[in-house]
Amino acid sequence: MSYDRQYRGGGGHRRRHRDREDYDTHDHRRDHETPEQTLKNTIIKLGEVDPIQEVPRVAKQIRENASSMLSAVSEGIRLAVIEQPNKIPYYAALLRLLHDPSPSGGDASAAQPSPSLGKQVLEDFWKGFQGYLDKLSWRDVRLCIHFFAHLTVAQVISTESMAALLQSFAAVLDEFGVSYGRGKHAALCAAEGLMIAGAVIQKSLSSNTTEIISAIQTFSEPIGLSKTLVQPVRSLHSEFAVLEHADEVLDSALTVLKALDGSEFADPPASIPQPYLEYDDLDPAASPPFELPSILVPPEVIELDGLASDASEDAQIKKEEWPEFWFRLFDNTVTPDPNSVSGFLIRSNLRDMIDIFEVNRKECARLLLEYPKWCVPGTFKPRAGAPPVEEDPSANNWQLESIMIEVILGYLFLLPESAQKSIYLIALITELCKLSPSTVGPAVGKSIRKLYSALAEGLDVEVSRRFSEWFSVHMSNFGFQWVWKEWLPDLALPEHHPKRNFMRRAVESEIRLSYHDRILKTLPEPMQNDTSVISSRPPGPDAEYEDPSNPHHEISESVLSLLRGRSRADEVIAHLDYLKSTLDIVPHPHTNVDSFIRSLATQSLLSIGSRSFSHLLNAIERYLPLLRGLTPPGDAEAKRDILVITASFWKRNRHMIGIVFDKLMQYQIVDPTDVVSWIFSTLAASDDTGGPLYIQTSEWDLLKGALDKANGRVTVARKKVAALRKEQDDNIARAKARGGADAGNMEVDGEMKPLDQDESANENPQLAIAVKAFTSLTREQRNVLAKTIEGFIACLSPAPGDNHQNPHAETVIQEKSWEQRASWSNDEWMTWETWGWYRHFCRAYSPYLRNYMTTLSVVGFSKIEGSTSLAAESMRKTWDIATGQEA
């Protein structure tokens, strides 16, 4: 796909004017900078022209000011290391020159520098590193280890102390009950340090490298089953499928380290520069290597509030508790192999840059495109227009744009949840396309085509959903231009085939970002005429009583006129009561008068709110008493009616159903439990003949909204109780202090008994109310999770005798059937997607499932207790992995 015409010409005058303003502002600030700030900025901006030439010049400038600005030098290097990982080898070269008592290439008449300058900088740098370690800022710690590893190769840091540092992180892996997140970060610190400095450590301390590799392998082996739930591409029948589209980060690290160990670290990272090797060897007598102090990695801080009475574990489990699978789109001739030392470190560098510059996507895009400058020449193909260079047969010549898109999409497709906001990653790709449309555009197009091909190869349903979201947003930034005709042959596939589902979701998302008619014109004619791709009518409300021929049109208009006139809620309620009393002789299509009145009032309210999101919010807030009167507490049928009416009103715009449901839950018109019950009961009601039940993306979106609402309420209530309890404890402490001072007898305080939870609540009415609300919301959270599990069981493994048996539930998870998926019908594909959403539910909400593991196991799986069917066994196995019951 081409982006040239989108950004060719125009804006030049504005850009030059802006650049001139930026220069003037920068020059003005420079006049007010202190000498320390100037030196620190010089260090941070090292290499913007030519790092090889700038390193000696900056080293000389530092030497001239070292006596008075040592702290500024140390801080500048430390900030540069943790914020510019691509420059770390050159900062190591800078410190190597500072460590040398006789600077090479310096002026002979220059004063002799202090022989301990490099040591002084490292001593101050170490204090900052210790601070990162104390706070467990893992990325900063790991980048500092990169710096130390390069300095070890440069003979500035002693090999023994570097090996001891790496072993300290490997020792974390042997801790009793170490969490996967903590172990993964510690393992990566040790592994990446060993990849850089392993060659020099191997020469004198070969046993240390073997021990570190062994510790990482021992830690990684038991988590094999957890990997099956977060693989982005896999078939349901296999536990350990060989993946062609993804690499687990620790598995890749182990593969790299084992290959290095097998060659006795004879293959250093060829693409990572080591400019310090060009300098003369240091004299150990004149400048002895710096000894890194020994460390002890601090333990994790675990906060247990003890509020969940049914809790077997703390609900606040960190997101990184799952293995990381990074998506791959291209072969090793296009992008570096992540199972090679160069490929692993390059990808690690790019991920860190994307992480660090999350606050500035434009700067991040610029730096990513400049990344080849910080690699060994020949690592990436030269950009178009670059001066010709002599071809090197050993050069890799990878495609920079392809590896950038691959890494960014790898972030986007991390399961169960991306570590970065999707909008940032999508916007970053857009910025890259703007900066270099002729090179990044083709890489984006190839990525889309490869992902589209993977849809039928087992691409995870959540990854497919994110793919369609990225595709639609990206197209919206470039005129919705895509070669849809390439996919015309796929219109012959079953309607619910993953490729057909992708087309439908992508078009729906594009319409939300634009207009129905505009998107319709971008599609080829066969797609325009296919209602499974795009609806013949634009999305909008579908009011039942809007048609003047409807016998209840006049009654509906009377209610609408009151709402349009912004009548008070009590006036509308009085009018509905009057209508209710007069409808005894008027036929209506509902089971009873109350249902008809609810339909009349709700549709009228939704009609008022259909103009915009703000209209919807204003209408709901203005007529909250009306909505609460329509849904009395404990009336499940009334709440179900509200949901049914909303879904019917917005049946041509499924996105709006989720929005209205969210607002109804927010204002407690309905509860999350009501939404979950309605979803599965609606599935059953839609097929009264006894057909199987399916969860598709539209149903999952509603389920997710209800689950997130229930979990979010509990989180807010927990924080409120914790804050009130802390306030209560502070008040008690102050009262005891005052009492002891007044009585003049410290023994009185010693005899006072601390208030337990109940006594504390009784002393504070606000706390008592908060605890009661928390208990109620916790119960609701547990019920929502239980009903979701019961619903999935009804879809995939219903009890014997159930009317909704699914004969395909076992078929699609068998290897033989998967190999024959080209002949699957809609039922098989919908069952496959339902399995995918069940797996995603278990992994995405595993912290909450673990919190109520005992109760949910009894309540949720009681219906299939004792069942030996393959579907029941697969459901239980997925549950056991998600809740940590299966090693």
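Just so you know, these numbers use all the heavy atoms, side chains as well, and skip hydrogens, waters and symmetry mates. What you see is a predicted model; the values in this text were computed from it and never measured. Residue numbers run from 1 in the order of the sequence given.
Residues meeting the ring-ring contact (aromatic ring centres under 6.0 Å, His included) test with W470, sequence neighbours left out: H474. For E248, the side chain to side chain contact (heavy atoms under 4.5 Å, CB included) criterion is met by Y180, K227, L250, D251, P323, F325, not counting sequence neighbours. The ring-ring contact (aromatic ring centres under 6.0 Å, His included) test applied to H146 returns no partner, not counting sequence neighbours. In this structure A149 satisfies the side chain to side chain contact (heavy atoms under 4.5 Å, CB included) test together with M162, I196, A197, sequence neighbours excluded. Residues that satisfy the side chain to side chain contact (heavy atoms under 4.5 Å, CB included) test with A199, not counting sequence neighbours, are F265. Remark: Y91 engages no residue in a ring-ring contact (aromatic ring centres under 6.0 Å, His included) (not counting sequence neighbours). With sequence neighbours excluded, the residues that form a side chain to side chain contact (heavy atoms under 4.5 Å, CB included) with S464 are L455, L459, R505. Evaluation of the ring-ring contact (aromatic ring centres under 6.0 Å, His included) rule for Y411 yields W326 as partners, not counting sequence neighbours. Every residue two or more places apart in sequence or in another chain was checked for a side chain to side chain donor-acceptor pair (under 3.5 Å) with E264, and none qualifies.
Nearest heavy-atom pair, H150 versus P273, reported as atom, atom and distance to 0.1 Å: CE1-O, 4.0 Å. Summarising the geometry of I43 relative to G76, their closest heavy-atom pair is CG2-C, 3.9 Å, with the distance given to 0.1 Å. Here the closest heavy-atom approach between residue P437 and residue P442 is recorded as O-CD, 3.8 Å.
Applying the salt bridge (charged side-chain N to carboxylate O under 4.0 Å, His left out) test to every pair with at least one member in residues 207-218, sequence neighbours left out, gives no pairs at all. Annotation: salt bridge (charged side-chain N to carboxylate O under 4.0 Å, His left out) contacts involving residues 341-354, sequence neighbours excluded, comprise R142-D352, R347-E406. Residue pairs that meet the salt bridge (charged side-chain N to carboxylate O under 4.0 Å, His left out) test with at least one member in residues 333-344, sequence neighbours left out, are R328-D337.
Ring geometry, W482 versus F471: the interplanar angle exceeds 60°, so the pair is classed perpendicular (tilted spans 30 to 60°).
Here the CG-OG1 distance, from L260 to T255, works out to 11.0 Å after rounding to the nearest 0.5 Å. S137 OG to I82 CD1: the interatomic distance, rounded to the nearest 0.5 Å, is 8.5 Å. Note: N208 CG to Q167 CD = 4.0 Å, rounded to the nearest 0.5 Å. For the atom pair CG of L292 and CG of L166, the computed distance is 9.5 Å after rounding to the nearest 0.5 Å. Put simply, NZ on K184 and CD1 on I223 are 9.5 Å apart, with the number rounded to the nearest 0.5 Å. Atom CH2 in W138 sits 5.5 Å away from atom SG in C189 (nearest 0.5 Å).
Within a 6.0 Å radius of NZ in K40, no more than 12 heavy atoms belonging to other residues, nucleotides or ligands are found. Around atom NZ of K373, more than 12 heavy atoms belonging to other residues, nucleotides or ligands sit under 6.0 Å away.
In this structure, the side chain of E401 does not engage the main chain of A443 through any donor-acceptor pair within 3.5 Å. Checking side-chain atoms of S340 against main-chain N and O of P336 turns up no donor-acceptor pair under 3.5 Å. The backbone N or O of F125 lies less than 3.5 Å from a partner atom in the side chain of S74, making a donor-acceptor pair. Looking only at distances, no side-chain donor or acceptor of S348 sits under 3.5 Å from a matching main-chain atom of F344. The closest donor-acceptor contact from the side chain of E431 to the backbone of K362 lies at 3.5 Å or more, if one exists at all. Under a 3.5 Å cut-off, the side chain of S161 and the backbone N or O of E291 do not form any donor-acceptor pair. In terms of modelled atom types and a separation under 3.5 Å, the side chain of K127 and the main chain of L122 share no donor-acceptor contact. Of the possible polar contacts, one joining the Y424 side chain to the I354 backbone as a donor-acceptor pair under 3.5 Å is found. When atom types are taken as modelled, the side chain of S214 and the backbone of T210 share no donor-acceptor pair closer than 3.5 angstrom. With hydrogens and angles ignored, the 3.5 Å screen pairs no side-chain donor or acceptor of S220 with any backbone N or O of I216.
Q399 and T335 form no side-chain donor-acceptor contact under 3.5 Å, judged by distance and modelled atom types alone. Side chain to side chain, S436 and T439 meet the donor-acceptor criterion of an N or O pair below 3.5 Å. For H840 and R843, the side-chain atoms include at least one donor-acceptor pair closer than 3.5 Å. Between the side chains of D460 and Q231, no donor-acceptor pair of N or O atoms lies under 3.5 Å.
I346 has its side chain within reach of W398: a pair of non-hydrogen atoms, C-beta onward, lies under 4.5 Å apart. Considering only heavy atoms from C-beta on, L428 comes within 4.5 Å of L368 through its side chain. Residues S447 and F330 have side chains in contact (heavy-atom distance under 4.5 Å, counting atoms from C-beta outward). The shortest side-chain heavy-atom distance between C375 and I272 does not fall under the 4.5 Å cut-off. At a threshold of 4.5 Å between non-hydrogen side-chain atoms, the residues R96 and Q155 do not count as touching. The shortest distance between side-chain heavy atoms of F219 and D174 does not fall below 4.5 Å.
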Salt bridge (charged side-chain N to carboxylate O under 4.0 Å, His left out) between E462 and R465, worked out: CA-CA 5 Å; E462 171 64 11; R465 187 196 65 77; 2.9 Å; yes
message: As a quick check of understanding, evaluate ring-ring contact (aromatic ring centres under 6.0 Å, His included) for Y276 and Y90, giving each step before the final call.
response: CA-CA 8 Å; Y276 38 77; Y90 295 95; 9.0 Å; no
Salt bridge (charged side-chain N to carboxylate O under 4.0 Å, His left out) evaluation trace for E363 with R366: CA-CA 5 Å; E363 183 70 4; R366 182 185 69 82; 2.4 Å; yes
- prompt: What's the verdict on side-chain contact (heavy atoms from CB on, under 4.5 Å) for S418 and F413, showing C-alpha distance, side-chain angles and the deciding distance?
  reply: CA-CA 6 Å; S418 175; F413 298 152; over 6 Å; no
- request: Check the pair R182 / E175 against salt bridge (charged side-chain N to carboxylate O under 4.0 Å, His left out), numbers first and verdict last.
  value: CA-CA 10 Å; R182 175 179 171 82; E175 293 176 355; 3.0 Å; yes
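Close placement of the F129 and F148 rings is indicated, their centers lying within 6.0 Å of each other.
When T430, I405, L435 are each tested for a side-chain contact (heavy atoms from CB on, under 4.5 Å) with V440, only one passes: I405.
For E54 and R57, the salt-bridge test passes: some basic side-chain N is under 4.0 Å from an acidic carboxylate O.
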